[in-house]
Amino acid sequence: MKTINRAAIAGVSGYVPDDVLTNSALQEMVNTNDEWITTRTGIQERRILKGEGLGTSVMAIQAVKDLLQKTETDPETVDLLICATITPDMITPATANIIAHAVGATRAFSYDLQAACSGFLYGLDTAAQFIASGRAKKVVVVGADKMSSITNYADRATCILFGDGAGAVLVTTHPPESGCGIVDSICKTDGIGQNFLYQKAGGSKLPASHETVAANAHYIYQDGQTVFKAAVTAMSEVVIEMMARHKLTPADITYLVPHQANQRILKLVADRVAIPMEKVMLNIHKYGNTTAATIPLCLWDYEQKLKKGDKLIVTVFGGGFTWGAMYIVWGYDGL
Ligand code: UT7
């Protein structure tokens, strides 16, 4: 299909629950300590969505409502809403359908997209294609995960990492001559990752049963060291590939926006691509790993500092394995 439009982010918003889970609170739950968590991951606290019957959509709805309000967007003008999540409210309907209904996006079609920690970047790339082809003029992409719903708080290897949150962006058309917008994306997948990062039960292969619950098979499992190494290699390579494609030097980049999985991973990636840490967006210390929400939550946190023309490289890595990079020239001055 012929490319006729350039997609650009026109606004960003986020939502994190009020309840804070600190490292010292985790110390009371499992055999760990603040020093280990801080030095090995950079995480100091994370937010947890508490309350009976509250799913991922609760956070996503808040983020999208705020986004539509701040960008003065009539919900009925939204053409498409994509929700990236691995913790949908339920298997069906899609959480995106629930969000679209709640925010009054009655004209939009909507669906969920599952690519673990890469879900938001995949969703943003999809939105950019719908805009480029002319099929859509306004797309909302929301990355949201209630990781506390699949985290085993008796497993110190994983429970220290994850938090809950949601972030959303509005993607619209932008005049290509401005040079701003989503310039390029690279998305990659290697199914070998199924062996190292997964939630075993609850799908069609191993439906929920007394046995799966007793075996803790509905919680997320990770071979941390394997994922760590794969994440550093994959994110570095794809950032270097993106910079080479567009003849970008580290000095040209305003911000590297990496998936917030572990501060040590971010430092290693930044070193390998020769981008100084002052140019790396960071919020892992306060939210932990919120899976599909980390990238939009970073953009939300840094939005006020961003200026039109700033050059951003987003990079992600997650379960699957899935990974990728996106080159964005920011389209507006910080709000
Ligand atoms: O978002 C999707 C992608 N995810 C990631 O990119 C995460 C990648 N992995 C990681 O971030 C790290 O591998 C972890 C933070 C998960 C683990 O850090 P690590 O430096 O790889 O630790 P390790 O698994 O090699 O464990 C080192 C030691 C072990 O003890 P021994 O065998 O040396 O006695 C663990 O049992 O640390 C122990 N350990 C802990 N100790 C205190 C593991 N978890 C903890 C803990 N507190 N929470």
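For ligands, and for the atoms within them, numbers begin at 1 and follow the listed sequence. Count residues from 1 along the sequence.
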For [atom], the option (of [options]) bearing the nearest heavy atom:
atom: atom 5 (C) of ligand 1; options: Q27, R156, Q222, M147; result: Q222
atom: atom 1 (O) of ligand 1; options: N289, T291, N31; result: N289
atom: atom 6 (O) of ligand 1; options: I265, N262, T294; result: I265

With the threshold set at 4.0 Å, does a side-chain nitrogen-carboxylate oxygen contact exist between [X] and [Y]?
X: K286; Y: D301; result: yes
X: R107; Y: D79; result: yes
X: K70; Y: E303; result: yes

Per-atom contacts of ligand 1 with [X], taking only distances under 4.0 Å to non-hydrogen atoms:
X: Q225; result: 13 (O), 21 (O), 23 (P), 25 (O)
X: T41; result: 15 (C)
X: V227; result: 3 (C), 4 (N), 5 (C), 6 (O)
X: A261; result: 1 (O), 4 (N), 5 (C), 6 (O)
X: I160; result: 48 (N)
X: G224; result: 8 (C), 9 (N), 13 (O)

Specify whether Y221 and Y198 have parallel, tilted or perpendicular ring planes, treating 30° as the upper limit for parallel and 60° as the lower limit for perpendicular.
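Correct class here is tilted.
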Can you report which non-hydrogen protein atom sits closest to [atom], along with the distance?
atom: atom 2 (C) of ligand 1; answer: C117 SG, 3.4 Å
atom: atom 18 (O) of ligand 1; answer: R264 NH2, 3.6 Å
atom: atom 27 (C) of ligand 1; answer: R40 NH1, 3.6 Å
atom: atom 47 (N) of ligand 1; answer: T32 OG1, 2.7 Å

Could you list the residues that satisfy side chain to side chain donor-acceptor pair (under 3.5 Å) with T294, not counting sequence neighbours?
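With sequence neighbours excluded, T294 shows a side chain to side chain donor-acceptor pair (under 3.5 Å) to H259, given in chain and number order.
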Which one holds for W36 and ligand 1: side chain close, backbone close, both close, or neither close, with close meaning a heavy atom under 4.0 Å?
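Side chain only; the backbone of W36 stays clear of ligand 1.
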Looking only at side-chain N and O atoms, does [Y] offer a donor or acceptor that is under 3.5 Å from a partner on [X]?
X: T56; Y: T87; value: yes
X: S24; Y: D34; value: no
X: N23; Y: Q27; value: no

Measure from [atom] to the protein's non-hydrogen atoms and state whether any distance is below 4.0 Å.
atom: atom 22 (O) of ligand 1; value: yes
atom: atom 36 (O) of ligand 1; value: yes
atom: atom 31 (P) of ligand 1; value: no

What about Y332 and W330, are their ring centers closer than 6.0 Å?
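Aromatic pair counts; centres sit under 6.0 Å.
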Residues which pass salt bridge (charged side-chain N to carboxylate O under 4.0 Å, His left out) with K188, listed by chain and number, not counting sequence neighbours:
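Partners of K188 under the salt bridge (charged side-chain N to carboxylate O under 4.0 Å, His left out) test: E241.
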Might you work through the side-chain hydrogen bond (donor to acceptor under 3.5 Å, both in side chains) test for N97 and S110, ending with a clear yes or no?
CA-CA 6 Å; N97 307 158; S110 57; 2.9 Å; yes
